[in-house]
Amino acid sequence: MTTNAQASGRRAVKAVIPAAGLATRFLPATKAVPKELLPVVDRPVLQYIVEEAAAAGITDVLLVTGRGKTSMVDHFDRRPDVEARLEEKGDRERLAAVRRTSELADIYTVRQGEPLGLGHAVGTAASHVGDQPFAVLLGDEFVEEDKPLLPAMIELQERTGGIVLALGEVAPEETSRYGIASVARSDEGDDIVQVTGLVEKPSPDEAPSNLAVLGRYILPATIFEAIADTKPGSGGEIQLTDAMAQLLADGTPVHGIIYRGHRYDTGMPLGYLQTVVMLAAKRDDLGEEFRSWLAEFVAGGAKG
């Protein structure tokens, strides 16, 4: 087994994106279209996430997929017919955008036969990842492009080994939606804490803090053995939080970076709609007109 001392100094160069869930909150839209491909203006959610990984220097991306989700891979494949048509029309801007999707990263896939929890999904990546540390990016959230989080997480894990988590402050009533960390001060820098405990989806009165584990992790390869030993927990699923808690108990160092930027959470309809509105309002090509219309719409009582 790779020790924590040996793991430090090794840089994460691969990313795993669990994307096999059923997305029942978005039915019937997600009956045939994966939630990860729902558009945020003109880019699907999944593309934002792969772009985030690529911007951090990770171009080996494994998608953990499920039944009926092959179109996620198709999005990152070449479309010579579409490219030829755009070239004929002289539409170089859209041509570049279409080609860019196939140039972002090398995309690989593994099937998760059943959606048995995040821990189980991550466990399916063992043979692809090997013995290197790796990043996990959840398939329904991403951060501001000009306030990246992943590079700092990768650098911290390379320095300290062990696990590095993205943490964010949440309202007390929201703790039951997340893994919650108990923390202590760290000498690693501002907004970096030492994680001393992890609890999966605690009630507000049982939560050790209001610091939630967000959808970004840098994990050592020893997580796979911990996942294999993890019994079903909250919701009858194999929870990644439980496997990380076991590594923590066994002496693996765990650090967290508290993220102060905006996290776009598209995992529920309200968050998805908010993400679309916020990013559309920021667009140089349509933001001004969209904001003007939105202001009129809201002022009119949102009656259409």
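Counting begins at 1 with the first residue of the sequence.
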Is there side-chain contact between Pro148 and Glu52, with heavy atoms separated by less than 4.5 Å?
-> no

Side-chain donor-acceptor pair present, Thr241, Glu200, cut-off under 3.5 Å = yes

Taking C-beta and beyond as the side chain, do Gln194 and Arg185 meet within less than 4.5 Å on heavy atoms?
-> no

Look at the side-chain heavy atoms of Ile, Leu, Val, Met, Phe, Trp and Tyr, link any pair under 4.5 Å apart, and say whether Tyr178 and Leu240 land in one connected group.
-> no

Value rounded to 0.5 Å, distance of CG in Leu279 from CD in Gln274 = 11.5 Å

Look at Glu144 together with Arg263 and state whether they make a salt bridge at an N to O cut-off of under 4.0 Å.
-> no

Are a donor atom and an acceptor atom from the side chains of Ser176 and Ser203 found within less than 3.5 Å of each other?
-> no

Pair His120, Gln112: side-chain N/O donor-acceptor within cut-off below 3.5 Å | yes

Close side-chain approach of Thr275 to Asp265, heavy-atom, < 4.5 Å = no

Side-chain contact, heavy-atom cut-off 4.5 Å: Val40 with Tyr48?
-> yes

Decide whether Leu37 and Val50 are clustered together by the hydrophobic rule: side chain heavy atoms of Ile, Leu, Val, Met, Phe, Trp, Tyr closer than 4.5 Å, transitively.
-> yes

With a 4.5 Å limit on heavy-atom distance, are the side chains of Tyr217 and Leu138 in contact?
-> yes

Check the hydrophobic clustering (I, L, V, M, F, W, Y; side-chain heavy atoms under 4.5 Å; chains of links allowed) and say if Tyr108 and Val122 are grouped together.
-> yes

Let me see the working for Lys282 and Arg291 under side-chain contact (heavy atoms from CB on, under 4.5 Å), right down to the final yes or no.
-> CA-CA 9 Å; Lys282 290 182 177 181; Arg291 290 191 302 271; over 6 Å; no

Taking a hydrophobic cluster as the set of Ile, Leu, Val, Met, Phe, Trp and Tyr residues connected by side-chain heavy atoms closer than 4.5 Å, whether directly or through intermediates, do Val33 and Met72 fall within one such cluster?
-> yes

Between Leu247 and Ile223, is any pair of side-chain heavy atoms under 4.5 Å apart?
-> yes

Is it true that a side-chain atom of Tyr272 and a backbone atom of Lys35 form a donor plus acceptor pair closer than 3.5 Å?
-> no

For Ser292 and Glu289, indicate whether the former's side chain and the latter's backbone hold a donor-acceptor pair under 3.5 Å.
-> no

Assert yes or no for the condition that the ring centre distance of Phe134 to Phe224 is strictly below 6.0 Å.
-> yes

Trp293 and Phe297 aromatic ring geometry - parallel, tilted or perpendicular at 30°/60° bounds = parallel

Report yes if the side chains of Arg216 and Glu141 come closer than 4.5 Å at any heavy-atom pair, otherwise no.
-> yes

I'd like a table of donor-acceptor pairs (distance under 3.5 Å, sequence neighbours excluded) in which one partner is a side-chain atom from residues 60-68, with atom names and distances.
from  : atom 1 : to     : atom 2 : distance (Å)
Asp60 : OD1    : His128 : NE2    : 2.7

Given Leu167 and Val213, is the side-chain contact (heavy atoms from CB on, under 4.5 Å) satisfied, shown in steps?
-> CA-CA 5 Å; Leu167 301 176; Val213 179; 4.0 Å; yes

Electrostatic pair Arg94:Glu83 at N-O distance under 4.0 angstrom = no

Are any side-chain N or O atoms of Glu36 and backbone N or O atoms of Leu46, one a donor and one an acceptor, separated by less than 3.5 Å?
-> no

Lys/Arg-Asp/Glu bridge criterion (N-O < 4.0 Å) met for Glu158, Arg10 | no

Starting from the C-alpha separation in whole Å, work towards a yes-or-no answer on salt bridge (charged side-chain N to carboxylate O under 4.0 Å, His left out) for Glu103 and Arg78.
-> CA-CA 9 Å; Glu103 298 167 351; Arg78 292 288 303 272; over 6 Å; no

Apply side-chain contact (heavy atoms from CB on, under 4.5 Å) to the pair Arg283 and Val41, showing each step before the final yes or no.
-> CA-CA 9 Å; Arg283 289 276 293 253; Val41 189; 3.4 Å; yes

Which residues satisfy the side chain to side chain contact (heavy atoms under 4.5 Å, CB included) test with Arg85, sequence neighbours excluded?
-> Glu88, Lys89

Would you say Ile58 and Met153 are hydrophobically clustered, going by side-chain heavy atoms of ILVMFWY under 4.5 Å?
-> yes

pair Gln239-Met244: side-chain heavy atoms closer than 4.5 Å | no

How far apart are the C-alpha atoms of Leu248 and Ile163, what are their side-chain angles, what is the distance that settles it, and do they pass the side-chain contact (heavy atoms from CB on, under 4.5 Å) test?
-> CA-CA 9 Å; Leu248 174 62; Ile163 296 171; over 6 Å; no

Is the shortest side-chain N to carboxylate O distance from Arg25 to Asp140 below 4.0 Å?
-> no

Is there a donor in the side chain of Asp250 and an acceptor in the side chain of Gln246, or the other way round, less than 3.5 Å apart?
-> yes

Between atom CG of Asp77 and atom CZ of Arg79, what is the distance when rounded to the nearest 0.5 Å?
-> 9.5 Å

From Arg11 CZ over to Arg159 CZ, what is the distance, rounded to the nearest 0.5 angstrom?
-> 11.0 Å

